[in-house]
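Structure, as structure tokens:
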Number of protein chains: 2
Amino acid sequence: MLPQLGEVFRTHGYEGASLTLITAATGLGKGSLYHLFPGGKAQMAKEVLAEIDQWFEREVFAPLRDSADAQAGIGQMFKATDVYFRSGRRVCLVGVFALGAARDEFADAVHGYFDRWREALASALERAGHARGEAKELSEDIVAGIQGALVLARAADDPKVFSRTLARLKRRAGGR
Amino acid sequence: MLPQLGEVFRTHGYEGASLTLITAATGLGKGSLYHLFPGGKAQMAKEVLAEIDQWFEREVFAPLRDSADAQAGIGQMFKATDVYFRSGRRVCLVGVFALGAARDEFADAVHGYFDRWREALASALERAGHARGEAKELSEDIVAGIQGALVLARAADDPKVFSRTLARLKRRAGGR
DNA sequence: GTCTATAAAGCGATAGAC
DNA sequence: GTCTATCGCTTTATAGAC
């Protein structure tokens, strides 16, 4: 349910995700949707954002923060990122929200997602041997680089742009 | 006229830019708008994209391709980019379109913008002394980095994220 | 060239039958 | 819990006065 919902928001943005598109994607009528989400579209988006946050917390942020081998945690991040974004065929819903007018309504979720990603990555980079300031800079470069690569890959309609850029970011992070 | 129109599309995306918002931003009634743009919203977006393309062609792409001093051309690109995106307070309209469903309708403009940017930058980097393959990779990193920095800056509601990242990209390009 | 009025369709959301 | 019907509003777009 939430994954299908997420796909609609991802593809059409918050404004563009009409209830007609949502009913088509989920197979549920409006009545059912409002039974499940009394708060309407805003609640749907909030729950989708929360689910995404949980996924990244489990698959990306926690490994970055908690891996005994910091470099392995970073490797897991790149692997999970590649899977999640379907090697560049899928766009980042939080990034889409961040660029649009929806950012203000979902400011906490949008802000938290990127901030915790950057912070967890900086912690791993520091434990992997980078100086504190350098790790902070590099973490910003990498998270920005991933988001930018998604923009470019979709603009060019060529997922390879994402794969290539991700591979170079991994090298800069010290990955093999 | 086109700049005000562009600001609405930038802030609200193609889907979110309603004629009500557009009339408010331009001060023109619907009648006047359809007199100027018989093709409606689609034509407005197309002309805005064309104007943006011209601006970047003149201020960014041409200097990158034609500067006798390649490093000076790259410096001009970073300067113009910082000005255009208001040091991170403004988002990239073409990037917004690229991420959304509007990409398909405006595929040529979206694809051309990023491709020509990357290509012009690669040419300058090569003339500045980078090996051909390295220049191509670096140009992709830099254009993606700029787009990603815009996403992060808007997500954090903090333009400094953009300025910092832009400064590091400039350093990687060999800028002082 | 700009306005107001209006059309037709789509929007988010609700009510109520089943 | 899911559906259909419908509300009230907004959407894009057009017509026609000035």
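Below, read A as the first sequence line, B as the second, and so on, with proteins coming before strands; counting in each chain starts at 1.
- Within a heavy-atom distance below 4.0 Å of DNA chain D, no residue of residues 97-108 of chain B is found.
- Residue pairs meeting the side chain to side chain donor-acceptor pair (under 3.5 Å) criterion with at least one partner in residues 25-45 of chain A, sequence neighbours excluded, are A/Q43-A/E47.
- Of all the residues in residues 30-40 of chain B, B/K30, B/Y34, B/G40 reach under 4.0 Å from DNA chain D with at least one non-hydrogen atom.
- Legend: salt bridge (Lys or Arg N to Asp or Glu O under 4.0 Å) pairs involving residues 70-89 of chain B, not counting sequence neighbours: none detected.
- Side chain of B/S18 to main chain of B/L21: a donor-acceptor pair is present (N/O by atom type, distance under 3.5 Å, no hydrogens or angles).
- Contacts classified as side chain to side chain donor-acceptor pair (under 3.5 Å) and involving residues 131-143 of chain A (residues at least two apart or in different chains) are given here: A/R118-A/S139, A/E126-A/R132, A/E140-B/R164, A/E140-B/R168, A/D141-A/R172, A/D141-B/R168.
- Of all heavy-atom pairs between A/A153 and A/G88, the closest is CB-O, 4.0 Å.
- Every residue meeting the side chain to side chain contact (heavy atoms under 4.5 Å, CB included) condition with A/D158, not counting sequence neighbours, appears here in chain and number order: A/A156, A/K160, A/V161.
- In terms of the side chain to side chain donor-acceptor pair (under 3.5 Å) criterion, residue partners of B/D53 (sequence neighbours excluded) are, by chain and number, B/R116.
- First and last contacting nucleotides of DNA chain C toward chain A (any atom under 4.0 angstrom from a heavy atom, 5' to 3' order): C/dC11 to C/dT14.
- Here side chain to side chain donor-acceptor pair (under 3.5 Å) pairs that include residues 2-14 of chain A, with residues two or more places apart or in two chains, are A/E7-A/R10, A/E7-A/R90, A/R10-A/Y84.
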Residues 91-114 of chain A, side-chain donor-acceptor partners within the protein, below 3.5 Å, at least two apart:
unit_1, atom_1, unit_2, atom_2, d
A/R103, NH1, B/R154, O, 2.8
A/R103, NH1, B/D157, OD1, 3.3

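- Salt bridge status for B/R65 with B/E57: present, with a side-chain N to carboxylate O gap under 4.0 Å.
- The two atoms that bring A/A128 and A/Q71 nearest to each other are CB-NE2, 3.9 Å, heavy atoms only.
- A heavy atom lying under 4.0 Å from DNA chain D marks none of the residues of residues 3-24 of chain A.
- B/A167 meets the side chain to side chain contact (heavy atoms under 4.5 Å, CB included) test with no other residue; sequence neighbours excluded.
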